[in-house]
A.B. asks: 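Handing you this structure, nothing more for now.
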Amino acid sequence: MAIYSLGIEVPANTTAPVLIKKWKGVGGVVKTVYVDVSAGVGYMAGFFVDYAGIRLPSAIDQDQQYFSGDDSEYQINVHIPVSEGDVSIYGVNYDSVPHRFWLVMYVEEYGV
């Protein structure tokens with residue numbers, strides 16, 4: 001099982017998605033996504049994950065383009081197959097101050 005756990009800071013005044021982090025991800029099945037949103041975000045900022053061409057949270061809920069909220073946390077149990085490849089996090093923030101999130105993803109690797 002691969003566990004990706006990282007803090008995300010989305011810079012202020014980014015009205016179009018900007019690349020926050022990028023790494024190589026394993027192929028497998030995304031099983032759990034946990035997101036913690038700092039207080040004060042108020043839906044002014046959010047982020048999404050591009051996992052080798054699969055966009056989260058859109059793959060979970062087509063109406064949801066970004067992980068966001070205000071002083072909230074949520075855990076989503078899913079079953080989303082993903083290929084080995086680049087994992088990128090993009091953020092957008094319409095506020096004049098940076099906002100922080102925490103993301104944990106559990107990916108069950110193929111063949112393990």
A.B. asks: Could you tell me which residues satisfy salt bridge (Lys or Arg N to Asp or Glu O under 4.0 Å) with R55, sequence neighbours excluded, listed by chain and number?
C.D. replies: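 Counting only residues at least two positions away or on another chain, R55 forms no salt bridge (Lys or Arg N to Asp or Glu O under 4.0 Å).
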A.B. asks: Cluster question for you: counting only ILVMFWY and a side-chain heavy-atom cut-off of under 4.5 Å, with indirect links fine, are Y66 and I54 together?
C.D. replies: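 Looking at the clustering, I54 is in a separate group from Y66.
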A.B. asks: By the salt bridge (Lys or Arg N to Asp or Glu O under 4.0 Å) test, which pairs, at least two apart or in different chains, include something from residues 35-45?
C.D. replies: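 Every candidate salt bridge (Lys or Arg N to Asp or Glu O under 4.0 Å) pair involving residues 35-45 fails, so no pair, neighbours aside, qualifies.
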A.B. asks: With sequence neighbours excluded, what pairs up with D70 under the side-chain hydrogen bond (donor to acceptor under 3.5 Å, both in side chains) test?
C.D. replies: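 Partners of D70 under the side-chain hydrogen bond (donor to acceptor under 3.5 Å, both in side chains) test: none.
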A.B. asks: Considering all heavy atoms of both residues, which atom of P17 and which atom of F48 are nearest to each other, and what is their separation?
C.D. replies: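 Nearest pair, atom of P17 first, then F48: CB-CE2, 4.1 Å.
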A.B. asks: Between D71 and A39, which heavy-atom pair has the shortest distance, and what is it?
C.D. replies: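 Between these two residues, the closest heavy atoms are CB-CA, 3.6 Å.
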A.B. asks: Does anything in residues 2-16 form a salt bridge (Lys or Arg N to Asp or Glu O under 4.0 Å)? List the pairs, not counting sequence neighbours.
C.D. replies: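 Counting only pairs at least two positions apart or across chains, the salt bridge (Lys or Arg N to Asp or Glu O under 4.0 Å) contacts touching residues 2-16 are E9-R100.
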A.B. asks: Is there a continuous path of hydrophobic side-chain contacts, each under 4.5 Å between heavy atoms, that joins V10 to M105?
C.D. replies: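 Shared cluster, yes.
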A.B. asks: Closest heavy-atom contact between A16 and V92?
C.D. replies: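 Nearest pair, atom of A16 first, then V92: N-CG2, 4.0 Å.
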A.B. asks: Same cluster for V41 and L6 if Ile/Leu/Val/Met/Phe/Trp/Tyr side chains link at under 4.5 Å?
C.D. replies: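 In one cluster: yes.
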A.B. asks: State the CG-CG distance between D95 and N13, to the nearest 0.5 angstrom.
C.D. replies: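 Reported to 0.5 Å precision, the distance equals 8.0 Å.
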A.B. asks: Suppose we screen for side-chain hydrogen bond (donor to acceptor under 3.5 Å, both in side chains). Which residues come up paired with Q65, at least two apart in sequence or across chains?
C.D. replies: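 So Q65 forms no side-chain hydrogen bond (donor to acceptor under 3.5 Å, both in side chains) with any residue.
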A.B. asks: Do other residues, nucleotides or ligands put more than 12 heavy atoms under 6.0 Å from Y34 OH?
C.D. replies: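 It does: Y34 OH has more than 12 such atoms within range.
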A.B. asks: Testing the basics here: between S68 and A45, what is the closest heavy-atom pair and its distance to 0.1 Å?
C.D. replies: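 Smallest interatomic distance, heavy atoms only, reads OG-O, 2.5 Å.
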A.B. asks: Determine, using the 4.5 Å side-chain heavy-atom cutoff (strictly less than), whether Y74 and L56 are members of one ILVMFWY cluster.
C.D. replies: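 Linked, Y74 and L56 end up in one cluster.
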A.B. asks: Quickly, which of F47, W102, Y43 forms a ring-ring contact (aromatic ring centres under 6.0 Å, His included) with F67? Name it, please.
C.D. replies: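 So the option named by the test is F47.
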A.B. asks: For G85 versus A52, what's the shortest heavy-atom pair and its separation?
C.D. replies: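 Heavy atoms only, the tightest pair is CA-CB, 4.2 Å.
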A.B. asks: Return the set of residues passing side-chain contact (heavy atoms from CB on, under 4.5 Å) with V18 (not counting sequence neighbours), or none when no residue passes.
C.D. replies: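 V18 satisfies side-chain contact (heavy atoms from CB on, under 4.5 Å) with P11, T14, I20 only.
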A.B. asks: Tell me every residue that passes side-chain contact (heavy atoms from CB on, under 4.5 Å) with D61, counting only those two or more places apart in sequence or in another chain.
C.D. replies: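 For D61 the side-chain contact (heavy atoms from CB on, under 4.5 Å) partners, ignoring immediate neighbours, are D63, Q64.
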A.B. asks: Mind checking salt bridge (Lys or Arg N to Asp or Glu O under 4.0 Å) for E84 and listing every partner two or more places apart, or none if nothing turns up?
C.D. replies: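 Residues passing salt bridge (Lys or Arg N to Asp or Glu O under 4.0 Å) with E84: none at all.
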A.B. asks: For Q75, I'd like to know if atom CD has over 12 heavy atoms of other residues, nucleotides or ligands within 6.0 Å.
C.D. replies: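 Result for CD/Q75: enclosed.
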A.B. asks: In a table with atom names and distances, give each donor-acceptor pair under 3.5 Å that connects a side chain of residues 24-33 to protein atoms at least two apart or in another chain.
C.D. replies:
unit_1	atom_1	unit_2	atom_2	d
K24	NZ	D86	OD1	2.8
K31	NZ	H79	ND1	3.4
T32	OG1	N77	OD1	3.3

A.B. asks: Quick one: ring pair (Phe, Tyr, Trp, His ring centres under 6.0 Å) partners of Y51, sequence neighbours excluded?
C.D. replies: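 For Y51, no residue satisfies ring pair (Phe, Tyr, Trp, His ring centres under 6.0 Å) once neighbours in sequence are set aside.
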A.B. asks: If the condition is ring pair (Phe, Tyr, Trp, His ring centres under 6.0 Å), which residues does Y4 pass it with, not counting sequence neighbours?
C.D. replies: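 Y4: ring pair (Phe, Tyr, Trp, His ring centres under 6.0 Å) contacts with W23.
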A.B. asks: V49 pairs by side chain to side chain contact (heavy atoms under 4.5 Å, CB included) with which of V35, V82, I89?
C.D. replies: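 That would be I89; it is the only one of V35, V82, I89 passing the side chain to side chain contact (heavy atoms under 4.5 Å, CB included) with V49.
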A.B. asks: Under a single-linkage definition using a 4.5 Å side-chain heavy-atom cutoff for Ile, Leu, Val, Met, Phe, Trp and Tyr, are I8 and V97 assigned to the same hydrophobic cluster?
C.D. replies: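 Not linked; separate clusters.
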A.B. asks: Just verifying a value: how many Å separate E73 CD and F101 CZ, rounded to the nearest 0.5 Å?
C.D. replies: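 Between atom CD of E73 and atom CZ of F101 there are 14.0 Å.
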A.B. asks: Who are the side-chain hydrogen bond (donor to acceptor under 3.5 Å, both in side chains) partners of Y94, not counting sequence neighbours?
C.D. replies: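 For Y94, no residue satisfies side-chain hydrogen bond (donor to acceptor under 3.5 Å, both in side chains) once neighbours in sequence are set aside.
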